[in-house]
Amino acid sequence: MLGKSYLVVANQSEAKIFFEKNGAKELEPVVTLLNHDGRASDGSLVTDRPGSISAPSDAVQGVDTMSRKDAAEVEANRFAASVTDWLESRRCEEKIYHIDIIAESGFLGKLRNNMNKQLEKVVGCTVNKDVVRESEQRWLDYLKDAGRGASIH
């Protein structure tokens, strides 16, 4: 096994990134990326002050037409892009053997949509679960259940 192996545990507000050690039996923390707007209320993302309210685009010139749902979606996509940018910079700087990802289903899709072909090639196991607040042992169990530890020694 040449190169480093990473585990990303993420949702739309937080991404914890670890080195996988000893055949995905141990984790070493690398970085935690935070999206402070990931769990923000709709009112925090889209205000109703003059000039910022949502309205039909032809009703008031210069008014933001972004809906509350769109604002949350844009914010989640922005955070997914920042997580994949971090992974891509690591891929370019060092040899990466593979990256496993445990993420909330919708956010996992956003991560995949932001990956280039080279980064996609090093993605190994993926698990659709929002478990950022669970224990490291639980994450390792999810990887094992997904078949991660069986093929790597």
Side-chain angles (χ1 to χ4, degrees), residues 1-21 23-24 27-47 52-57 62-136 138-152:
M1 172 166 83
L2 301 173
K4 295 180 179 178
S5 297
Y6 285 95
L7 170 64
V8 178
V9 182
N11 61 25
Q12 66 186 12
S13 62
E14 187 173 9
K16 296 179 179 181
I17 303 172
F18 301 86
F19 287 125
E20 292 180 5
K21 299 169 76 178
L27 299 175
E28 178 183 317
V30 176
V31 69
T32 298
L33 305 174
L34 298 174
N35 177 15
H36 297 290
D37 292 330
R39 298 275 186 221
S41 68
D42 291 340
S44 297
L45 293 174
V46 181
T47 67
S52 298
I53 59 172
S54 294
S57 59
V63 171
D64 179 15
T65 60
M66 184 179 292
S67 73
R68 294 175 195 275
K69 183 177 180 186
D70 290 340
E73 189 76 11
V74 165
E75 188 55 37
N77 280 322
R78 183 201 61 78
F79 184 56
S82 69
V83 172
T84 55
D85 287 348
W86 188 93
L87 292 169
E88 175 62 12
S89 71
R90 282 298 175 107
R91 189 195 64 78
C92 292
E93 292 172 11
E94 60 194 32
K95 175 70 175 157
I96 293 181
Y97 178 64
H98 78 275
I99 301 168
D100 293 324
I101 302 172
I102 302 174
E104 177 268 324
S105 180
F107 192 70
L108 180 58
K110 288 171 182 51
L111 289 172
R112 286 192 176 278
N113 289 340
N114 280 285
M115 290 181 185
N116 61 33
K117 297 272 187 226
Q118 294 83 7
L119 193 56
E120 283 178 355
K121 288 179 184 176
V122 296
V123 172
C125 181
T126 58
V127 178
N128 295 321
K129 291 194 179 287
D130 186 0
V131 292
V132 170
R133 298 286 176 218
E134 291 191 21
S135 70
E136 288 184 19
R138 191 80 167 121
W139 301 330
L140 292 170
D141 290 343
Y142 286 129
L143 291 178
K144 184 179 176 186
D145 291 346
R148 168 65 176 89
S151 62
I152 307 233

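What you see below is based on every heavy atom in this structure, not just the backbone, and it leaves out hydrogens, waters and symmetry mates. None of these values were measured; they are calculated from a predicted model. Throughout, numbering of the chain's residues begins at 1 and tracks the sequence.
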Could you list the residues that satisfy salt bridge (charged side-chain N to carboxylate O under 4.0 Å, His left out) with Arg78, not counting sequence neighbours?
-> Glu75

To the nearest 0.5 Å, tell me how far Leu33 CG sits from Ser13 OG.
-> 11.5 Å

For Lys21, enumerate each residue passing the side-chain hydrogen bond (donor to acceptor under 3.5 Å, both in side chains) test, keeping only those at least two apart in sequence or located in another chain.
-> Glu28

So which heavy atom on Val83 is nearest to which on Ala15, and how close?
-> CG2-CB, 3.7 Å

Could you give the distance from CG (Asn11) to CG (Asp130), rounded to the nearest 0.5 Å?
-> 4.5 Å

Report the residues that fulfil side chain to side chain contact (heavy atoms under 4.5 Å, CB included) with Asn77, sequence neighbours left out, ordered by chain and then residue number.
-> Glu73, Lys110

Of all residues at least two apart in sequence or in a different chain, which pass the side chain to side chain contact (heavy atoms under 4.5 Å, CB included) check with Leu34?
-> Glu14, Thr32, His36

For Val127 and Ala146, the nearest pair of non-hydrogen atoms, with its separation, is CG2-CB, 4.0 Å

Who passes side-chain hydrogen bond (donor to acceptor under 3.5 Å, both in side chains) against Asp141, sequence neighbours left out?
-> Gln137

Those residues at least two apart in sequence (or on a different chain) that pass side chain to side chain contact (heavy atoms under 4.5 Å, CB included) with Ser89 are Glu93

All side-chain hydrogen bond (donor to acceptor under 3.5 Å, both in side chains) counterparts of Glu88, not counting sequence neighbours = Arg91, Asn116

With sequence neighbours excluded, what pairs up with Glu120 under the side-chain hydrogen bond (donor to acceptor under 3.5 Å, both in side chains) test?
-> none

Flag, side chain of Lys16 to backbone of Val132, donor-acceptor distance under 3.5 Å = yes

Criterion side-chain contact (heavy atoms from CB on, under 4.5 Å) on Ile17 and Arg90, from CA distance to verdict | CA-CA 12 Å; Ile17 303 172; Arg90 282 298 175 107; over 6 Å; no

Please report the shortest heavy-atom distance between Val131 and Trp139, naming the atom on each side.
-> O-NE1, 2.7 Å

Glu20 side chain reached by Leu27 side chain, heavy atoms, under 4.5 Å | yes

Name the atoms and distances for all side-chain donor-acceptor pairs under 3.5 Å in residues 99-107, with sequence neighbours left out.
unit_1	atom_1	unit_2	atom_2	d
Asp100	OD1	Cys125	N	2.8
Asp100	OD2	His98	NE2	3.1
Asp100	OD2	Arg148	NE	2.6
Glu104	OE1	Phe107	N	2.9
Glu104	OE2	Gly106	N	3.0

Begin with the C-alpha distance, continue with both residues' side-chain angles, and end with the deciding distance and a verdict on ring pair (Phe, Tyr, Trp, His ring centres under 6.0 Å) for Tyr6 and Phe18.
-> CA-CA 6 Å; Tyr6 285 95; Phe18 301 86; over 10 Å; no

Under the ring-ring contact (aromatic ring centres under 6.0 Å, His included) test, which residues partner Tyr142, sequence neighbours left out?
-> none

Go through the structure and list residues passing salt bridge (charged side-chain N to carboxylate O under 4.0 Å, His left out) with Glu134, not counting sequence neighbours.
-> Arg138

